[in-house]
Protein chains: 2
Amino acid sequence: MARSDTRYREAYNRILAYCETLPLDAQIPSETQLGDIAGVSRTVIRRCLSRLAELGVIVWNGRDKRLLRMPRPEDRIAVPEAGSHSADLEQRFLDWVLRFDVPANTALSVAELSRTFDVPQHELKEFLAGLSRFGLVQRRPEGGWRLLGFTKGFAIELSDFRTILELHAVSQVAEAPVDHPVWAQLAKIRDDHVQLRAHMDSDFHEFSKLDERFHQAVNSVVRNRFTVEFQKVISLIFHYHYMWDKTEEKDRNAAAIEEHLAIIDALEARDAAAARNAAQRHLRTSKTTLLSSLRQHDLG
Amino acid sequence: MARSDTRYREAYNRILAYCETLPLDAQIPSETQLGDIAGVSRTVIRRCLSRLAELGVIVWNGRDKRLLRMPRPEDRIAVPEAGSHSADLEQRFLDWVLRFDVPANTALSVAELSRTFDVPQHELKEFLAGLSRFGLVQRRPEGGWRLLGFTKGFAIELSDFRTILELHAVSQVAEAPVDHPVWAQLAKIRDDHVQLRAHMDSDFHEFSKLDERFHQAVNSVVRNRFTVEFQKVISLIFHYHYMWDKTEEKDRNAAAIEEHLAIIDALEARDAAAARNAAQRHLRTSKTTLLSSLRQHDLG
DNA sequence: TCAATGTATTTAATAATTAAATGCTACATG
DNA sequence: CATGTAGCATTTAATTATTAAATACATTGA
């Protein structure tokens, strides 16, 4: 009927474990210190002490707190399963949208999403509020939310935004010092490209992973909290769409390999302008592919 | 104790007004049609019809709904004041943060904010969840939120991000067709710059507004949902910091006028490269100013 | 037959409830 | 008597419960 007491339960077990490290009859530290040990407020600590005294583990009279007997396994209190995988909600949500091709303008029910993702409703509300900042969802006047994404307009603007960020990243790479880790990464990635090109006929499916590694490496040079959030969403969307658009996959991947190599060539020559041009060509291709994949799914 | 019935109350008054347009004894449209008129579901419409029947305005027996008498002013129902200014919450929140120099790592209490901004708590939670996507706030492990912004690191990354977006915008302007409205705007803005320069000694405070107009015009060329959100936040933060950092304001503004004019010159000459260079110079100055203003407020 | 109403179910906004944090006062102890 | 500690009171926030509203389904009547 109200908030859970998981915090108390976890703190209690932690304090109990701490008691095990003490000798019998030892003085127990002050409430404030115990609070620091368990990472909770004094309010919670006092609840813990109450229970410890009740079970006869300690004697508690004001400042006089002493260990009466060693804690036993049955003194521990049950903690109700962390369960909810709130952590990777974003990943799972985008995965769901893209995997099931949830069409634009679909009404999103918090109650339903809460069930399918096994996450409390209020967390979902917060999550959706966050996504609305990216223009992926929007509040409906009649209540609830609406999925906006993955129209043609969305794809175009997403691609454009990606281009802006990635061209900047490429410029940054070109100016990175020789001892920057990106150079080693790019060298390895170049080799892998060359190798894949040699076995293209059989292994062309492998390109998707390589593509992600390449863009990841380039973008890793930019250290900016504003871009990092976007890159996560962007790379997910492009990644999935490439995986599903199977038309001419081999030719497309072969072309992309050459484009990647052109970018790496220019970067290693420290020719920023050439690198930008090569990157621009590559990103234009990506945009076209994304758009045609949308057309295929009849979402244009 | 539960959600408000404002929706019903507004719908009721709207239906009442609709009844006034009907002749006496006229048939009233179907529930579905009334729902379309008032923009609500049939559930709400049936509540409205119940009340109308109770007051004797209509007679309602299944499908037979007729107007018994003309509605009177006292038939209307009170609507409980829209009140909450949820609309400009973002503006007011950032204004508050910047005006009172709320230091980084301040704990934000939803209850308190809810009072000071006169907005329901759950709306504030959603709002903060949105801001967390921009890295402005963060959840605290012990509950609630923490203001992150306005450290040196934040200012640097914000400036860098602004630079990325704005350099792109400048490139776009340079390629805009001659009949694009931006050219007329820029011409006017150039005149205003020249005029202000002539009366700089007395009117230098006017520059702040001019600065906002200039950047607004340049960015207006880019139509992208992802950049629009950011620009709002960015321009607010820069705007306020400029207003408050009074050191050498006149000199700073005079220099900025020249920098703006240089950008406009290059743009009107359709020299994209020169425009980008000029913009880069200007944005570097801005970044320095923002950082020194932070140092002044001891937030570094 | 089909559009309208009647009824049931589901969803979402929001207050109520309880856990937990925070703040203040009084006290004990060196 | 200063400082840290416990006791007590207040405030805040997570989470449930409640009610308004939307939606889905069944029934009816022209």
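So that the names make sense, note that chain A is the first sequence line, chain B the second, and so on, each numbered from 1.
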| task | Using a cut-off of strictly less than 4.0 Å, decide whether A/Ser109 has a side-chain nitrogen or oxygen near OP1 or OP2 of C/dA12. | result | yes
Of the candidates C/dA4, C/dA21, C/dG6, the side chain of A/Arg7 sits closest to C/dA21
* Just to confirm, is there a sub-4.0 Å distance from OP1 or OP2 of D/dT15 to any side-chain nitrogen or oxygen of A/Ser4? -> yes
Assert: residue with more 5' nearest nucleotide on DNA chain C, out of B/Arg140 and B/Gly62, is B/Gly62
B/Arg115 has its side chain closest, among C/dA20, D/dT15, D/dT12, to D/dT12
The nucleotide from D/dA14, C/dT5, D/dT18 with an atom nearest the side chain of B/Ala2 is D/dT18
A/Leu124 atom CG is separated from C/dT11 atom C1', nearest whole Å, by 14 Å
Categorize A/Arg47 for me: base, sugar-phosphate, or nothing, with a 4.0 angstrom heavy-atom threshold over every strand shown.
sugar-phosphate
Is B/Arg140 close enough and on-axis enough to B/Trp145, meaning under 6.0 Å and within 45°, for cation-pi? no
**Prompt:** Which part of the nucleic acid, if any, lies within contact of B/Leu108, taking any heavy atom under 4.0 Å across all strands shown: a base, the sugar-phosphate backbone alone, or nothing?
**Reply:** sugar-phosphate
Practice item. Indicate whether OP1 or OP2 belonging to C/dT14 is found under 4.0 Å from a side-chain N or O atom of B/His122. Key: yes
ask   = Is A/Arg63 side chain donor-acceptor paired with the D/dG7 base, going by distance under 3.5 Å alone?
value = no
Taken to the nearest whole Å, CZ/A/Arg3 to P/D/dT15 is 7 Å
A/Asp64 atom CG is separated from C/dA28 atom C1', nearest whole Å, by 13 Å
Here the distance between atom P of D/dT12 and atom NZ of B/Lys125, to the nearest Å, is 15 Å
Rounded to whole Å, CD of A/Glu126 lies from P of D/dA14 at a distance of 8 Å
Item checked: Heavy-atom side-chain proximity of A/Leu68 to A/Val57 below 4.5 angstrom -> no
From CD of A/Gln27 across to P of D/dA6 the rounded distance in Å is 10 Å
Sorted by position of nearest nucleotide on DNA chain D, 5' first, the leading residue of A/Arg42 and B/Ser41 is A/Arg42
From the candidates D/dA20, C/dG6, C/dA21, the one with an atom nearest any side-chain atom of B/Asp5 is D/dA20
Does A/Lys65 place a side-chain N or O at less than 4.0 Å from the phosphate oxygens OP1/OP2 of D/dT5? no
How are the rings of A/Phe134 and A/Phe230 set relative to one another: parallel (under 30°), tilted (30 to 60°) or perpendicular (over 60°)? tilted
Tell whether B/Thr43 reaches the base of D/dT23 with its side chain through a donor-acceptor pair below 3.5 angstrom. yes
Parallel, tilted or perpendicular, as decided by the 30° and 60° cut-offs, for the rings of A/Trp96 and A/Phe117:
perpendicular
B/Leu34 atom CG is separated from C/dT5 atom P, nearest whole Å, by 8 Å
For A/Arg223, does the CZ atom have more than 12 heavy-atom neighbours from other residues, nucleotides or ligands under 6.0 Å away? no
Taken to the nearest whole Å, CH2/B/Trp145 to C1'/D/dT12 is 15 Å
For this session: Tell me whether the OP1 or OP2 atom of D/dA20 has a side-chain N or O from B/Arg9 closer than 4.0 Å.
Result: no
Output for pair (B/Glu157 CD, A/Thr227 OG1), nearest 0.5 Å, gives 8.0 Å
Heavy-atom nearest nucleotide on DNA chain C taken for A/Arg139 and for B/Thr32; more 5' hit belongs to B/Thr32
